[in-house]
Protein chains: 2
Amino acid sequence: MAAIRVALVNDYEVVVRGLEAMLRTYVDRIQVVELDASRDVARSVDIAMYDTFAGQQGDREEIRQLISNPRVSKVVVYSWNLQPDLVRGALHNGAAGYLSKSLPAGELVAALEAVHVGDEQVVPHDPHPGKVITGDWPGREEGLTPREAEVLALITQGLNNQEIADRTRLSINSVKTYIRGAYRRIGVTTRTNAVLWGVEHGFHPDRARMRPRE
Amino acid sequence: MAAIRVALVNDYEVVVRGLEAMLRTYVDRIQVVELDASRDVARSVDIAMYDTFAGQQGDREEIRQLISNPRVSKVVVYSWNLQPDLVRGALHNGAAGYLSKSLPAGELVAALEAVHVGDEQVVPHDPHPGKVITGDWPGREEGLTPREAEVLALITQGLNNQEIADRTRLSINSVKTYIRGAYRRIGVTTRTNAVLWGVEHGFHPDRARMRPRE
DNA sequence: CCAAGTCTCACCCTTCGGGGTGAGGATGTG
DNA sequence: CACATCCTCACCCCGAAGGGTGAGACTTGG
């Protein structure tokens, strides 16, 4: 059987590197062909792994968009956050599975294969139940609210305020409000320094991405 | 003999990591007590290693300032660029030595010790003569001029235009001119994306710096 | 010598970012 | 319930960033 082609959408360097390392020994079964945080999936893939950012509302819409993408066969959510209502919501919106980031490599590969061949929705049980609820998203320790962390992450990806507003479906005024709050908490006053803070705290997506092998 | 205390001033992550690794096996003879790109030397050191940025004019002044710093006993230049006039200029301005970045660890340590104990100016011969002239500074391949690369590096360190002007002793208008040029060449239109470009191309100094051991 | 490129600076203009304030609604905790 | 904390948005203001143009001085290579 040919290897399953997987894209990782919307994630941070920490995760990207981890996934890359985890799947390196399974290249014959899984190929991560695209890693990109800022753009859509460009080449056709069997499964798109979507990283929901701290379970924001905007995710629902993004998941739907991914599913309607003709280049994507199936979409799974790949997240730390396993709260039941989030899982239900994602599956209800058409996700083919909901995979925990705490899954070891073997189980992750198995789950992806199950998603690929089967019609059932795949939700492996959490190997560390109740363990990863805290430390949910980068910046939690600094007291960033989920929204603040989200806009910070988007800033670290190089978006301007209007683009952030579009992406999050917020008004630009709200975006500014969150940015102000985030700056106060992380102790910066300029966007430049916010970006640097983000880079140093794992918000930086892998832009120098893996070159896909055809 | 107590270990020589060394500070590395004004350098990029690539170099910082390299130096750290190189000197790790010589901790009993050399201690790198401070690594910082943006600030002055804070604690007293025996030798400050100064990285001249592509041999800019501003360097002369900065070297003089370092030498006049009461917390710094001696200053050496640590650079890829070994052009004779630059070496002469640095030594003339009071540098106690001019060390090539292509020096292997052993010779580097020896050179630093020679600087520390002796009165002579130490200029080890280049182990790779004529080899490292190109690839001089990050961004050379992209066609950035030295000045453009310099302001980009300062942007990547979080400075605003006025601070860059102060640091480089340029007018703020010139700074803006170089920034425009740099943006054009690297293909960005915002400071945020310039910072991200810089981070991905080795301009990012080690801000999470080594904690000095007393 | 001329052309190209760089370095330096000034002036103008527009947009964007950053900060302050106020305010309503939702949610959750003592 | 009262209080705190978010989330959301609007309005105003100012300074910084970004972009265009022009121009003189200097260096270097053909």
Side-chain angles (χ1 to χ4, degrees), chain A residues 53-59 83 85 136-137 139-140 142-152 154-156 158-198, chain B residues 53-61 83 85-86 133 136-137 139-140 142-152 154-156 158-198:
Chain A
F53 194 95
Q56 280 311 305
Q57 288 83 343
D59 288 349
Q83 284 163 308
D85 51 338
D136 229 354
W137 62 83
R140 194 175 178 67
E142 283 80 8
L144 291 170
T145 72
R147 273 302 200 206
E148 287 168 353
E150 189 181 16
V151 296
L152 247 187
L154 294 173
I155 282 181
T156 306
L159 307 193
N160 65 27
N161 292 351
Q162 186 55 58
E163 288 167 335
I164 294 175
D166 296 343
R167 182 80 74 94
T168 55
R169 307 184 160 272
L170 290 170
S171 87
I172 195 169
N173 292 303
S174 298
V175 170
K176 286 183 173 187
T177 300
Y178 296 128
I179 290 177
R180 283 198 293 275
Y183 285 7
R184 234 176 285 119
R185 290 202 221 265
I186 68 176
V188 304
T189 57
T190 68
R191 181 168 286 242
T192 298
N193 283 300
V195 170
L196 292 171
W197 188 96
Chain B
F53 195 95
Q56 279 315 301
Q57 288 83 343
D59 288 350
R60 300 231 147 91
E61 185 53 38
Q83 283 163 309
D85 52 336
L86 288 175
I133 298 299
D136 229 352
W137 61 84
R140 193 175 178 66
E142 283 80 8
L144 292 170
T145 72
R147 272 300 201 207
E148 287 169 353
E150 189 181 16
V151 295
L152 247 187
L154 295 172
I155 281 181
T156 306
L159 307 193
N160 64 27
N161 292 352
Q162 186 56 58
E163 288 166 335
I164 294 174
D166 296 343
R167 182 80 74 93
T168 55
R169 307 183 161 271
L170 291 170
S171 88
I172 194 169
N173 292 303
S174 298
V175 170
K176 286 182 174 187
T177 300
Y178 295 127
I179 290 178
R180 283 197 293 276
Y183 284 8
R184 234 177 284 120
R185 289 201 223 264
I186 67 175
V188 304
T189 57
T190 68
R191 182 168 286 243
T192 299
N193 283 299
V195 170
L196 292 172
W197 188 96

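We name chains A, B, ... by the order of the sequence lines, and we start the count at 1 in each one. Excluded from the calculations below are hydrogen atoms, water molecules and symmetry mates; all remaining heavy atoms, backbone and side chain alike, are included. Since we're looking at a predicted model, the values are computed, not measured.
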Compare side-chain N and O positions of A/Y178 against OP1 and OP2 of D/dT8 and report whether any pair is under 4.0 Å apart. yes
Taking every non-hydrogen atom, the tightest pair across B/S171 and B/A165: C-CB, 4.1 Å
Should B/I179 and B/Y183 count as side-chain neighbours, where that means a heavy-atom distance under 4.5 Å? yes
Distance, nearest 0.5 Å, that separates OG of B/S174 from CG of B/N161: 11.5 Å
Separation between CZ of A/R167 and CD of A/E150, rounded to the nearest 0.5 Å: 9.5 Å
OP1 or OP2 of D/dC7 under 4.0 Å from side-chain N/O of A/T145: yes
Nucleotide by nucleotide, nucleotides 10-22 of chain C touches protein heavy atoms under 4.0 Å in the pattern (B base, S sugar-phosphate only, - none) BB-----BBBBB-
Value rounded to 0.5 Å, distance of CZ in A/R191 from CG in A/L152: 9.5 Å
Please state whether the phosphate of D/dC6, meaning OP1 or OP2, lies under 4.0 angstrom from any side-chain nitrogen or oxygen of A/R147. no
I need the CG-P distance between B/L170 and C/dT6, as an integer number of Å. 16 Å
Produce the list of close N/O pairs, under 3.5 Å, pairing protein atoms with atoms of nucleotides 23-26 of chain C; give distances to one decimal.
none

Go through the steps for A/T192 and B/N160 under the test side chain to side chain contact (heavy atoms under 4.5 Å, CB included), then give the verdict. CA-CA 8 Å; A/T192 298; B/N160 64 27; over 6 Å; no
With rounding to the nearest 0.5 Å, note down the distance linking CD1 in B/I164 to CD1 in B/I172. 9.0 Å
The helix from C/dC1-D/dG30 to C/dG30-D/dC1: angle between terminal helix axes, five bp per end, to the nearest 10 degrees, reads 50°
Are the side chains of A/L154 and A/E163 in contact, using a 4.5 Å heavy-atom criterion? no
Any side-chain heavy-atom pair from A/L170 and A/R147 closer than 4.5 angstrom? yes
